[in-house]
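Here the structure comes first, spelled out in structure tokens, and everything after it is commentary.
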Amino acid sequence: MTGADYLLPLRTKLRSMRTESFGADPAGARMERIRRSPHFVDGAFQNPVGARIRPSGSTVEFAKTYFQREQRALRTPNGAVPVHPTTLADLAAPPVSGLRLTWMGHSSVLAEIDGRRVLFDPVWGERCSPFPFAGPKRLHPTPLSLAALGPVDVVVISHDHYDHLDLPTIRALAGTDTVFAVPLGVGAHLERWGVPAARMHELDWNETATVAGISLTATPARHFCGRGLRNGQHTLWASWVVAGPEHRIYHSGDTGYFPGFRDIGAEHGPFDATMIQIGAYSEYWPDIHMTPAEGMRAHLDLQGGRPHGVLLPIHWGTFNLAPHAWAEPGEWTKDAGEEADQPVAFPRPGEPFEPAGILPVAPWWRALSPTLAHPWRLPEEEPGSDRGPAPAARGDLDLAGER
């Protein structure tokens, strides 16, 4: 280090230490467009309703829960997750109904809709982390390689957290002809990783792009963004509506519950299928992730307040990102579906199914988990009530970056 290095601003020094996995900050014309967004206020993107994006509560109490031996054992399966070895034969014939979904694990879903192939939040990496040697590691392998997946018309990204935007996966897809649909600002990461700007649609909430005859609309979500220790909120987060000539589907990305689901459903629904985040929730961050009860409520809101279509639970089973038991999201969502008389699909990772056909409903996770306690719903989540407050803030927990 030279004497002149000491004169560099701290921010410049920190940026020089960032690996390529951190991505790139929006700048130039991209940043000017961000500043014009009605959702960018006081130098940051804002949620549709207020949300605390940093965990609240006592660091000591959280640590007791998170690191307790018995609790740690519940957060991983006690055997091999039964991954369906997806083959070309599974995906070669077009879906009879015109719509087929294949959950690849976590929030990654291949949707075959009206003759087009849409890949949501593809994460094929071994860890959701900027570093290959640290961070949450996969609990099961990917069902098939990206090369075996075949051509994809459009890749949809919900936001830039590591468990939704994965450098090695994007690099592999950058070498194909696929188009990318991303929220405002996220294109800066993709350009750094080799995706040409001409193959990107970068959208604000309620903007729509058309690709190969299907429409993709970025819709609001209640979450946050960032891939570094300092979160500038300069990239947007979104849920997505994808509509073809015959079918409509919805992918929630990551989000806390908020009344806007009703508005999205009224404008774009009802949906043949929704892919709803129901994992990685905690009382320490109640505003940015949904519990299974809230996920079911969101689905019903999207469907006009009544059971309709099929709910595919996502954002669970692949990475250990929260204190709850590994199998709890699946178990509790199954209960919620039965109580609401709402069809819910529970495919093994890699198992294709058609929402209009026979649904995979067997609770495959039970063989890998102790029996979970019931009742599953927390008292403050009774129908018609608002979610109760987070634990009293007695110091911030800075664990949000990997969720």
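One-based numbering along the sequence shown.
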Check this for me: does any side-chain nitrogen of one of [X] and [Y] sit under 4.0 Å from a carboxylate oxygen of the other?
X	Y	answer
Arg262	Glu267	no
Glu338	Lys334	yes
Arg33	Glu207	yes

*Mind checking what makes salt bridge (Lys or Arg N to Asp or Glu O under 4.0 Å) contact with Glu202, not counting sequence neighbours?*
Arg30
*asked:* For the residue pair Arg297 and Tyr257, would you count it as a cation-pi contact if the rule is NZ or CZ under 6.0 angstrom from the ring centre and within 45 degrees of the ring axis?
replied: yes
*Does NZ or CZ of Arg227 lie under 6.0 Å from the centre of the six-membered ring of Tyr162, at an angle within 45° of the ring axis?*
yes
*Any ring-ring contact (aromatic ring centres under 6.0 Å, His included) pairs touching residues 81-102, not counting sequence neighbours?*
none
Side-chain ([X]) to main-chain ([Y]) donor-acceptor, under 3.5 angstrom:
X	Y	answer
Trp364	Pro347	yes
Thr333	Pro329	yes
Asp287	Arg52	yes
Thr318	His106	yes
Gln342	Gly309	yes
Trp316	Phe319	no
His247	Ser97	yes
Arg116	Ala212	yes
Asn47	Gly50	no
Arg117	Pro151	yes

*Please walk me through it: do Val156 and Leu216 pass side chain to side chain contact (heavy atoms under 4.5 Å, CB included)?*
CA-CA 9 Å; Val156 176; Leu216 304 107; 3.5 Å; yes
_Verdict with supporting geometry, Val179 and Met200, side chain to side chain contact (heavy atoms under 4.5 Å, CB included)_ = CA-CA 6 Å; Val179 174; Met200 279 190 279; over 6 Å; no
*asked:* Using side chain to side chain donor-acceptor pair (under 3.5 Å), reason through Asp204 and Ser37 one step at a time and then give a plain yes or no.
replied: CA-CA 7 Å; Asp204 202 347; Ser37 168; 2.7 Å; yes
*Are a donor atom and an acceptor atom from the side chains of Ser108 and Asp121 found within less than 3.5 Å of each other?*
no
*Decide whether Thr210 and Ser215 meet the rule of one side-chain donor and one side-chain acceptor closer than 3.5 Å.*
no
*asked:* To the closest 0.5 Å, what do you measure between CG (Leu119) and CD1 (Ile157)?
replied: 8.0 Å
*Given His223, which of His159, His164, His315 fulfils the ring pair (Phe, Tyr, Trp, His ring centres under 6.0 Å) condition?*
His159
Counting the benzene-type ring for Trp, do [X] and [Y] have ring centres under 6.0 Å apart?
X	Y	value
Phe224	His161	yes
Phe45	His39	no
Trp365	Phe346	yes
Phe271	His308	no

*I would like to know whether Leu165 and Ile170 meet side chain to side chain contact (heavy atoms under 4.5 Å, CB included); could you show each step before the answer?*
CA-CA 8 Å; Leu165 182 62; Ile170 297 301; 3.7 Å; yes
_Closest non-hydrogen atom pair, Glu351 against Pro360_ = OE2-CB, 3.8 Å
*Yes or no on side chain to side chain contact (heavy atoms under 4.5 Å, CB included) for Leu91 and Leu110, after CA distance, side-chain angles and deciding distance?*
CA-CA 10 Å; Leu91 305 176; Leu110 174 66; 4.0 Å; yes
*Whether Tyr281 and His324 hold their rings parallel, tilted or perpendicular, with breakpoints at 30° and 60°*: parallel
